[in-house]
Amino acid sequence: MTSGDITTGRDAAYVIRVQVERGRRLDIALGAALVGLDPRERAFAHDLAYGTTRMRGRLDHLLAKHIHKGLASLQQDVLEVLRLGAYQILYMGSVPDYAAVSGSVDRARELKGKGAAGLVNAVLRRVSEDGDGDDQFPDWTTDPADYLSTWGSHPRWLIDRWLARWSPEEVRSLVDTNNGRPTTFLNSLDQSQDAAVELLAQAGITARSVQDVPSAVRLAWSTPPSEALSVLPGSIVQDPAAQLVVRYMDIDPGTKVADLCAAPGGKALAASVGASYTVAADRSESRIRMVRENADRTGRRVSCVVADAAHPPLVDADVVLLDVPCTGTGTLARHPDARWRLRPESVTELTAVQDRMLEAGATTVGRGGLLVYSTCTLEPEENGERIEAFLNAHPDFTIENSGSVSSNFIDEHGYLSVLPHEAGFDGSFAARLRRSE
């Protein structure tokens, strides 16, 4: 099916899912597939594609019960038809079971013929009959790892990793959070939190302030972000976890700030509120163009540079932010496809990148300046362990706490530590490293 054949939300969701399984990012595949669809079909495609991606592990477990030779015996496009059909049956109350089955059978017939259609018909009817009750999954009390990887729809290796650090109850809470629909938040760069909420209310938009994050505004799920931004043009869409990183930086007035991994630019724009001069650098020209466009839209003064963080284009900055590439396990609710792209070796591969960037950042910050390392991952190898290794090699840097962030988000080492299942938004980590005079 080509983009020209996409006429319904079901068509779009199928194209999106096939592309995601081939390695394309979910948000990019979604944006491309929705072009030309009316708002109702766009919303249907969004819910179906994201929901199926989020619940892939659970759906696969339920489908496998009815595939004699296992899911590996199926062709990928037939498996996607089954996943999408099962999600509609189990989790989209607006779709009658018969319609989900009939639409899936028709697509299977178009793709692979009569045999595939018969298989899809039989399997989905069984899924509809059996449902997704607890009796369909491993026992939670005796086998929490299997339960959390099947019912919880997360890779088993990731569940095992988390169970080594947290109790089964805590991991279940994290999994629940990751499987929920994420909220959209704004950072009101040029308004107080209360003023932003009031202006939105005057425009008929329901919003709430976020406790302990003074710049964060929570939008209702039904509110398109573009609507809210038209009322608050000086604001940006930004999760509170990212806003906390900038607050944790604790930027003094008159400070020169360099964000070396800036795109899409939210942290650089937020940092520019307190800084006298802000440089946003990123290795991708197209992504740094996004930073420039957001800066122009919000009226923030940010100098944009195409540059690799491993080879910074400046020296003697007062504050250097390294928002490094990471596994992103703190953002799996917002990016559900990431959980299926990650591999056990991803953590080790990224720590080498993070170390190189820390070394480069150390040469960029001036004497007496501040190096801030941040991630959106929950994995200790990418967070505290990177800082410990860096400090062992750089005795001229010391950890420094921040007085600008609620103690609810500061751990015993003075690091910023935000956990999704505790905070109710994305996860993040940051460390402030002060260079000696």
Side-chain angles (χ1 to χ4, degrees), residues 1-22 24-56 58-59 77-111 117 120-121 124-125 127-128 132 153 179-186 200-201 203-208 217-232 237 239 333-337:
M1 178 177 291
T2 65
S3 58
D5 299 322
I6 299 175
T7 57
T8 70
R10 278 193 182 89
D11 293 337
Y14 172 76
V15 170
I16 292 163
R17 282 292 308 145
V18 169
Q19 291 182 355
V20 167
E21 289 302 309
R22 291 174 180 168
R24 197 175 195 189
R25 270 180 37 190
L26 176 57
D27 56 342
I28 294 174
L30 181 86
L34 297 191
V35 175
L37 290 184
D38 67 49
R40 181 177 177 181
E41 296 294 344
R42 289 168 65 93
F44 184 92
H46 185 284
D47 287 350
L48 180 53
Y50 265 79
T52 301
T53 303
R54 194 173 285 119
M55 290 293 117
R56 195 190 88 171
R58 187 185 300 182
L59 296 171
D77 46 7
V78 174
L79 176 56
E80 288 311 320
V81 171
L82 285 168
R83 285 167 171 166
L84 290 161
Y87 185 82
Q88 291 172 74
I89 290 168
L90 296 170
Y91 303 114
M92 295 186 76
S94 62
V95 181
D97 285 8
Y98 73 84
V101 173
S102 175
S104 302
V105 169
D106 289 345
R107 186 173 301 282
R109 184 179 294 110
E110 292 171 8
L111 290 168
V120 167
N121 181 61
L124 290 184
R125 288 186 182 279
V127 167
S128 177
D132 67 340
S153 192
N179 288 338
R181 183 176 177 179
T183 304
T184 300
F185 298 89
L186 299 184
L200 290 168
I205 297 173
T206 301
R208 293 190 288 123
V217 173
R218 182 193 305 267
L219 298 180
W221 277 328
S222 58
T223 303
S226 57
E227 252 183 55
L229 291 177
S230 68
V231 177
L232 300 173
V237 175
D239 191 86
R334 202 167 300 284
H335 304 291
D337 52 319

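Looking at Arg107 and Asp77, no side-chain N of the basic residue comes within less than 4.0 Å of a carboxylate O on the acidic one, giving no salt bridge.
Between Arg83 atom CZ and Thr53 atom OG1 the span is 9.0 Å, to the nearest 0.5 Å. Rounding to the nearest 0.5 angstrom, the gap separating the OH atom in Tyr14 from the CD atom in Gln19 is 10.5 Å. Taken from CG in Asp337 to OG1 in Thr52, the straight-line distance is 12.5 Å, to the nearest 0.5 Å. Thr8 OG1 to Asp38 CG: the interatomic distance, rounded to the nearest 0.5 Å, is 10.0 Å. The distance from the OG1 atom of Thr183 to the CZ atom of Arg334 is 7.5 Å, given to the nearest 0.5 Å. The CG atom of Asn179 sits 3.5 Å away from atom CE of Met55, with the distance rounded to the nearest 0.5 Å.
Applying the salt bridge (Lys or Arg N to Asp or Glu O under 4.0 Å) rule to pairs touching residues 39-53 yields nothing, sequence neighbours excluded.
Of all heavy-atom pairs spanning Ala13 and Ala49, the tightest one is CB-N, 4.2 Å. Here the closest heavy-atom approach between residue Val101 and residue Ile89 is recorded as CG2-CD1, 3.9 Å. Looking at every heavy atom in both residues, Leu59 comes nearest to Ala86 through CD2-CB, 3.9 Å. Here the closest heavy-atom approach between residue Leu37 and residue Ala12 is recorded as CD1-CB, 3.8 Å. For the residue pair Val81 and Ser104, the shortest heavy atom distance occurs at CG1-O, 3.4 Å. Between Leu186 and Ala228 the shortest heavy-atom distance is CD1-CB, 3.8 Å.
Between Glu80 and Leu111, the closest side-chain pair of non-hydrogen atoms is not below 4.5 Å. Considering only heavy atoms from C-beta on, Leu26 stays 4.5 Å or farther from His335 through its side chain.
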Inset, instruction - List the steps, then state whether side chain to side chain contact (heavy atoms under 4.5 Å, CB included) holds for Leu124 with Leu82. - result: CA-CA 7 Å; Leu124 290 184; Leu82 285 168; 4.0 Å; yes
Inset, instruction - Could you go through the side chain to side chain contact (heavy atoms under 4.5 Å, CB included) check for Phe44 and Met92 one step at a time? - result: CA-CA 10 Å; Phe44 184 92; Met92 295 186 76; 3.6 Å; yes
Inset, instruction - Let me see the working for Thr184 and Thr223 under side chain to side chain contact (heavy atoms under 4.5 Å, CB included), right down to the final yes or no. - result: CA-CA 9 Å; Thr184 300; Thr223 303; over 6 Å; no
Legend entry - Worked check of side chain to side chain contact (heavy atoms under 4.5 Å, CB included) between Leu219 and Leu200: CA-CA 9 Å; Leu219 298 180; Leu200 290 168; 4.1 Å; yes
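Residues satisfying the ring-ring contact (aromatic ring centres under 6.0 Å, His included) test with Tyr87, not counting sequence neighbours, are Tyr91.
Checked by atom type, the side-chain pair Arg56/Ser153 shows no donor-acceptor distance below 3.5 Å.
Checking side-chain atoms of Trp221 against main-chain N and O of Pro182 turns up a donor-acceptor pair under 3.5 Å. Using a distance-only test at 3.5 Å, with no hydrogens or angles considered, no donor-acceptor pair links the side chain of Asp97 to the main chain of Ser128.
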